[in-house]
Amino acid sequence: MPENVPETASDFISEFIKEDLKNGRFGYVHTRFPPEPNGWLHIGHCKAFYIDFSMAERFKGKCNLRFDDTNPEKEDISYVEAIKRDVKWMGYDWEDREFYASDYYEYLYDLAVKIIKKGHAYVDDLTDEEMSEYRGTAVEDKNNITNTPPGRNSPYRDRSVEENLDLLARMRAGEFPDGARTLRAKIDMAHPNLLLRDPVMYRIRRETHYRTGNNWCIYPMYDFQHPLSDAKEGITHSLCSLEYEIHRPLYEWFINEAEVFPSRQIEFARLNITHTVLSKRWLLKLVQDNYVSGWDDPRMPTIAGLRRRGYTPEAIRSFISQIGIAKTDSMVDIAFLEYCLREDLNKRSPRIMAVLKPLKLIIENWENGKAEELEAVNNPEDPAAGSRKIRFTRELWIEQDDFEETPPPKYFRLFPGNSVRLRYGYIVTCTGFDKDAAGTITAVRCTYDPETKGGNAPDNRKVKGTIHWLSAEDAVPMEVRIYNHLFGVERPMDVAPGKTFLDNLSKDSLELISTAYGEPGLAKAAPGDRFQFERLGYFVRDPDSSARGTPVFNKTVGLRDTWAKIGQKTVK
Ligand code: ATP
Ligand code: MG
């Protein structure tokens, strides 16, 4: 057992690993994160590589990044690049351990030959349909693939080793059309687990692979490739999500038959989050059919989408570490993810003022043309962030909903006769308002009290409301994009017959506000810069500019904490 392994965590994976080190099954720990480059990574993958990298770190081992790239029709180099960028952004480093299953094709082929020579694999001529008919299907429940009636042996199952070797070589040489033949493991056509009924190891597919080009026209299947790729890299603990549990006997079968390094597969619960889908297949559908603007649409649960939304790697890691590692699937409340985000943003975000839906405020006793500089604190959570100067002038912008002609009960903002403090500035008292012919309020009028600058209110001048504002002279126009959950329902994959998850897409997941203004400092914000817009929430500068050429800010998350009230991470 490596020295100085901290004794803190007590998740079941660490316990298995400790046991393996203690009883000598392995002398070291080596994990891998094995994405297929067929889409961008989502927050479920974050959980997987968080576990892979942190187990390696904890036991002073290593973690590889391996691309499981054996489906040429779906894979692409652009996905490889996106995956690498996003794992790095999350703060993980695989150093020089970047591997590709497609580099192992020759090795895998040799092992297939070895298994044929042992009499444990054969070339089959059945078509896909015949093969599934021979295999049989689960009768009562399609999801229950155990305890099904036995299947039947293929008529080609007893071919001689020589014939199988010859046919496999000719499959590789391109003598047969796509789908004409397969190589299958010879296990047991009556096995209660359907996956063990002579699974396919190789199929013929004339597709150009993004790395191996047209070198191969046969491609290995996942269940054959994955354990043997793990073994090739000396992976001790092959950690994966729970849906692979039923594949584990097959994982072990191939390792035994190929007589390679005995990697051990351990499964953990998948991450599921309310109001979202975490499957590349469904995310791809949203991208391809333009339900979102791309893989990095700020509403997507992809790492790139979360980044563009304003998430920090620290917030995502904090979320993953707090939900823990369990063996049973559960659904995590998205409010808990947002809570983790807010906790982090609160510490690091400079405060600034912005007005989303502007209304003119005119200070009647302030001289025209006069300007004064007020001091504003950048971050009350971080004294080192200092302060800045903001200009106070006769005409200001305030939020439309900070004024009411006829205030509802408990309304402490501006209405005729009422006083509020302008944040960092003076107390003002509403004297009236202007309306246009259509009855729309076009400006609010007030007077200021010079004695109340920057919070120096005499005792008798306490007011109940403080509102944010901007000088109309130097405010910069900007566009703001407000996001809601992509799916209105908690479990988008729960659909009525005849419906799909697309029917659960929310109609108002994006609201564009093109009329917003911000403090002049926001004009200089670089894409990715994060702020707390006072009283409004956390926002991040988007890489886009609006059609008018103004900067765009995405709303990351609001200030209000719903999770703290609910107080539980998982729902049902
Ligand atoms: P998807 O179901 O989204 O298509 P996948 O499993 O096909 O994902 P891979 O690229 O094969 O995607 O996944 C790489 C690793 O990430 C696997 O080890 C898988 O177990 C893990 N993983 C995928 N989705 C989740 C999830 N929601 N929670 C935890 N781990 C996940
Ligand atoms: Mg997969």
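Order of listing sets the numbers, starting from 1, for every ligand and every atom in it.
Residue contact check: Pro34 has heavy atoms under 4.0 Å from atoms 14 (C), 18 (O) of ligand 1.
Distance alone, capped at 3.5 Å, places no donor-acceptor pair between the Ser318 side chain and the Glu314 backbone.
Between Trp282 and ligand 1 there is no heavy-atom distance shorter than 4.0 Å.
Geometrically, ligand 1 and Arg32 share no nitrogen or oxygen pair separated by less than 3.5 Å. Any N or O atom pair closer than 3.5 Å counts here, and Asn38 shares no such pair with ligand 1. An N or O contact shorter than 3.5 Å is missing between Ala48 and ligand 1 by distance. Geometrically, ligand 1 and Lys47 share no nitrogen or oxygen pair separated by less than 3.5 Å.
Of the heavy atoms in Phe33, only side-chain atoms (C-beta onward) come closer than 4.0 Å to ligand 1.
Among Phe99, Tyr210, Tyr104, Tyr100, the one residue that satisfies the ring-ring contact (aromatic ring centres under 6.0 Å, His included) test with Phe67 is Tyr100. Considering His30, Arg264, Arg32 in turn, Arg32 is the only one that fulfils the side-chain hydrogen bond (donor to acceptor under 3.5 Å, both in side chains) rule with Ser238.
Remark: Tyr202 pairs with Phe224 by the ring pair (Phe, Tyr, Trp, His ring centres under 6.0 Å) rule, at least two apart or across chains. By the ring pair (Phe, Tyr, Trp, His ring centres under 6.0 Å) test, Trp94 is found to be paired with no residue, residues two or more places apart in sequence or in another chain being considered.
One option in Phe67, Tyr79, Tyr244, Phe49 has a heavy atom closer to atom 6 (O) of ligand 1 than any other, and that option is Tyr244.
Remark: Asp86 engages Arg307 in a salt bridge, criterion side-chain N to carboxylate O under 4.0 Å.
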